[in-house]
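Because the structure is predicted, anything quoted here is derived from the model rather than measured. Below, each value reflects all heavy atoms present in this structure, side chains not excepted, and no hydrogens, waters or symmetry copies.
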Amino acid sequence: MTKEKNERRLKHLKGIVASLPDKPGSYQFYDQAHTIIYVGKAKNLKNRVSSYFHKEVDRFKTKVLVSKVWDISYTVVNTEEDALLLENSLIKKYNPRYNVLLKDGKTYPSICVTKEYLPRIFKTRTINKKYGTFFGPYSHLASMYAVLELINKLYKPRTCRQPITKEGIAQKKYRPCLEYHIHNCDGPCISKQSYEEYQANMAQAREILKGNTREISQHLYEEMQRLASEMKFEEAEAVKKKYLLVENFCAKSEVVSHTINDIDVFSIVDDEGKNAYINYIHVKNGTINQSFTYEYKRKLDETDEELLMYAITEIRERFHSTAKEIIVPFEMEWKMKDATFFIPQRGDKKHLLELSEMNGKQYKFDRLKQAEKLNPEQKQTRLMKELQEKLKLSKLPYHIECFDNSNISGTDAVAGCVVFKGMKPSKKDYRKYNIKTVVGPDDYASMQEVVYRRYHRMMEEGTPLPDLIITDGGKGQMEVVRQVIQDELQIDIPIAGLAKDNRHRTNELLFGFPPQTIGIDVKSELFKVLTQIQDEVHRYAITFHRDKRSKHALHSELDNIKGIGPKTKEELLKKYKTVKKVKEQSIDSLAETIGKVKAEIIHHFFHESIQIE
């Protein structure tokens with residue numbers, strides 16, 4: 001776009017903004033093809049829309065949006081709530097590119113009550129409102145199956161799929177199925193159950209699906225008492241069984257408080273500014289009857305309040321909620337005509353808000369785990385970014401190296417270096433080192449020798465240096481590594497240390513000079529990966545040290561005999577078990593196992609040695 005063309009565009013837009021009214025309403029932005037790309041709401045249309053064009057916009061995504069706007073239209077309404085509802089309906093209708101994207105629970109099932117002459121009740125994942133009324137969706141499947149089981153036991157709705165009509169029943173066109181014979185259906189299709197009774201049962205089933213189980217329980221109790229007073233004890237007993245079923249179901253539900261009648265609870269959990277998870281809980285008659293979490297994808301870096309306000313309007317409409325009180329985690333700038341916002345500080349309502357936040361966090365965690373299972377590299381990148389932020393590194397710590405020493409009183413001193421790339425062990429890059437210049441058990445001097453040998457050689461060969469070095473130890477180990485890296489080799493590699501407590505358990509991450517403790521939860525995934533690196537280098541060094549000691553321990557006099565190799569030695573020890581017994585054998589006896597020439601060499605070696613001694 002040329003400069004002149006852009007200036008004409010902005011002049012046209014500012015002309016529209018200048019004529020906007022100071023009233024609540026919804027505004028729509030159009031692109032060059034006159035397609036709606038954004039729908040917004042405003043308490044004051046003129047102030048809100050002018051903010052896009054008459055001052056510097058901080059958010060990058062908003063700048064991109066403004067650069068694509070070619071025309072503006074608006075709709076004036078009477079109240080703030082009307083503006084919210086209008087915005088919501090326009091977003092649904094046009095699905096604008098720059099509005100928040102709601103990832104709803106289409107994969108979660110709902111319960112459908114059909115509009116048939118004799119309605120059916122069943123779970124489904126397909127929502128088509130012309131076929132019936134839908135309740136849900138249910139994110140917790142166990143809750144859905146519990147409700148269905150209760151309804152099936154109480155009201156026995158038909159499960160057959162054949163279209164049943166009033167005329168067909170009158171003409172006796174239908175035959176009872178197996179469900180009737182096993183007493184799971186009362187046979188309305190063959191007039192064993194009246195149409196009025198069946199419809200009354202369906203009406204009560206709908207109330208249970210709405211969460212009004214306490215009202216149904218009270219109704220059944222009163223019916224039971226009435227039948228008993230009329231001496232209809234068999235009928236009263238049947239109603240009593242239904243009453244006990246409902247009471248048992250209510251007892252298993254999450255009871256918050258019998259004083260809380262009808263209330264909505266909303267909370268929001270942020271996901272590094274990209275997505276937001278908004279949990280909705282509905283409480284009816286003191287019991288939680290609906291809990292669901294929605295994922296919203298930010299398009300223009302919307303604030304938590306903006307997202308939550310949009311979600312409240314959307315979700316309440318979806319669930320047909322008429323609750324007069326809405327619990328929220330923070331002050332809301334917008335107001336609603338038929339409901340009030342409330343921020344609880346204590347008590348049952350505070351417990352509800354905490355429960356909602358816990359559900360949102362769990363949903364976020366589950367989504368993260370699901371994504372990482374599908375794309376394992378995503379988890380590694382997340383952990384590397386987290387470590388980079390914690391240590392304030394200039395680049396992602398993709399290549400990490402860690403060192404450890406192993407010796408017993410200075411003997412058989414060795415060291416190991418393990419390499420992790422992308423938070424995974426790269427075993428082909430592991431290296432073992434025999435300590436050459438250090439005498440005695442001096443861990444610091446051994447570490448300096450190994451670090452110098454490692455990175456001096458890498459510099460000579462032009463091998464890429466690591467992004468981070470982790471020492472298996474605290475401040476002392478970090479300092480000796482720093483002396484080699486910075487003072488002697490004069491290279492710049494960040495150095496961190498994993499320190500242990502007095503129980504020899506890793507309890508903190510150190511970084512910087514002088515070293516500072518980095519705040520990191522010891523139960524976090526990142527800390528577990530760091531301790532995994534530490535455990536791996538310890539295992540690697542210890543294994544090398546044990547192998548070296550074992551070779552020394554297995555050394556015997558047979559190794560000193562010239563002309564006798566490992567295979568001959570193995571054959572002799574396999575047959576005679578010890579060197580002492582080999583010494584006691586005659587030449588002929590040895591020759592049976594290893595041949596006469598080698599037998600003479602061994603016999604001569606031992607007997608010559610004895611004579612000299």
Item to check | Arg482 atom CZ: more than 12 heavy-atom contacts under 6.0 Å | outcome: yes
Next on the checklist: Just checking Asp492: does its CG atom have more than 12 heavy atoms from other residues, nucleotides or ligands closer to it than 6.0 angstrom?
Outcome noted: no
Smallest separation among heavy atoms of [X] and [Y], with atom names:
{"X": "Glu449", "Y": "Asn434", "answer": "OE2-O, 3.9 Å"}
{"X": "Glu306", "Y": "Thr303", "answer": "OE1-N, 3.0 Å"}
{"X": "Ile343", "Y": "Pro329", "answer": "CG2-O, 4.0 Å"}
{"X": "Pro96", "Y": "Val39", "answer": "CG-CG2, 3.7 Å"}
{"X": "Leu353", "Y": "Val328", "answer": "CD2-O, 4.0 Å"}
{"X": "Leu590", "Y": "Ala599", "answer": "CB-CB, 3.6 Å"}

Given side chains that start at C-beta, do those of [X] and [Y] come closer than 4.5 Å, heavy atoms only?
{"X": "Pro397", "Y": "Gln388", "answer": "yes"}
{"X": "Met447", "Y": "Gln477", "answer": "yes"}
{"X": "Tyr38", "Y": "Tyr52", "answer": "yes"}
{"X": "Ile268", "Y": "Phe330", "answer": "yes"}
{"X": "Leu510", "Y": "Gln516", "answer": "no"}
{"X": "Phe511", "Y": "Ile495", "answer": "no"}
{"X": "Ile542", "Y": "Asp404", "answer": "no"}
{"X": "Phe341", "Y": "Ile327", "answer": "no"}

Kindly say whether [Y] contributes a backbone atom to a donor-acceptor pair with the side chain of [X] at under 3.5 angstrom?
{"X": "Glu401", "Y": "Cys417", "answer": "no"}
{"X": "Thr463", "Y": "Met459", "answer": "no"}
{"X": "Ser67", "Y": "Val64", "answer": "yes"}
{"X": "Gln585", "Y": "Lys581", "answer": "yes"}
{"X": "Ser356", "Y": "Leu352", "answer": "no"}

Is the closest basic N to carboxylate O distance between [X] and [Y] below 4.0 Å?
{"X": "Lys361", "Y": "Glu357", "answer": "no"}
{"X": "Glu461", "Y": "Arg457", "answer": "yes"}
{"X": "Glu525", "Y": "Lys528", "answer": "no"}
{"X": "Arg539", "Y": "Glu536", "answer": "yes"}
{"X": "Asp429", "Y": "Lys421", "answer": "yes"}

Under 3.5 Å, is there a donor-acceptor pair between the [X] and [Y] side chains?
{"X": "Gln483", "Y": "Glu488", "answer": "no"}
{"X": "Asn279", "Y": "Ser267", "answer": "no"}
{"X": "Glu508", "Y": "Thr517", "answer": "yes"}

Nearest-0.5 Å distance, [atom1] of residue [X] to [atom2] of residue [Y]:
{"X": "Ile518", "Y": "Leu387", "atom1": "CD1", "atom2": "CG", "answer": "9.5 Å"}
{"X": "Arg9", "Y": "Lys68", "atom1": "CZ", "atom2": "NZ", "answer": "10.0 Å"}
{"X": "Ser524", "Y": "Lys390", "atom1": "OG", "atom2": "NZ", "answer": "7.5 Å"}
{"X": "Cys402", "Y": "Phe420", "atom1": "SG", "atom2": "CZ", "answer": "8.5 Å"}
{"X": "Met423", "Y": "Leu530", "atom1": "CE", "atom2": "CG", "answer": "6.0 Å"}
{"X": "Met478", "Y": "Ile469", "atom1": "CE", "atom2": "CD1", "answer": "10.5 Å"}

Item to check | Candidate pair Val484 and Leu489, rule side-chain contact (heavy atoms from CB on, under 4.5 Å), full reasoning | outcome: CA-CA 6 Å; Val484 174; Leu489 297 175; 4.0 Å; yes
Checklist entry - What's the verdict on side-chain contact (heavy atoms from CB on, under 4.5 Å) for Ile470 and Val537, showing C-alpha distance, side-chain angles and the deciding distance? => result CA-CA 10 Å; Ile470 297 178; Val537 73; over 6 Å; no
Checklist entry - Could you walk me through whether Leu465 and Met458 pass the side-chain contact (heavy atoms from CB on, under 4.5 Å) check? => result CA-CA 7 Å; Leu465 296 171; Met458 289 178 76; 4.1 Å; yes
Item to check | With Lys395 via salt bridge (charged side-chain N to carboxylate O under 4.0 Å, His left out) - residues at least two apart | outcome: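 Testing Lys395 for salt bridge (charged side-chain N to carboxylate O under 4.0 Å, His left out), a comparison that skips the adjacent residues, returns Asp467.
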Item to check | Proximity of Tyr540 and Tyr430 rings by center, below 6.0 Å | outcome: yes
Item to check | Tyr433-Phe544 aromatic ring centre distance below 6.0 Å | outcome: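 Judged by ring-centre distance (under 6.0 Å), Tyr433 and Phe544 do not meet the cut-off.
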Item to check | Residue pairs, two or more places apart or on separate chains, that pass ring-ring contact (aromatic ring centres under 6.0 Å, His included) and touch residues 378-403 | outcome: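 ring-ring contact (aromatic ring centres under 6.0 Å, His included) check on residues 378-403 returns Phe403-Tyr455.
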Item to check | Residues in ring-ring contact (aromatic ring centres under 6.0 Å, His included) contact with Tyr280, at least two apart in sequence or another chain | outcome: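 With sequence neighbours excluded, Tyr280 shows a ring-ring contact (aromatic ring centres under 6.0 Å, His included) to Phe266, Phe319, given in chain and number order.
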Item to check | Stepwise side-chain contact (heavy atoms from CB on, under 4.5 Å) check, Val481 with Tyr444 | outcome: CA-CA 9 Å; Val481 172; Tyr444 287 171; over 6 Å; no
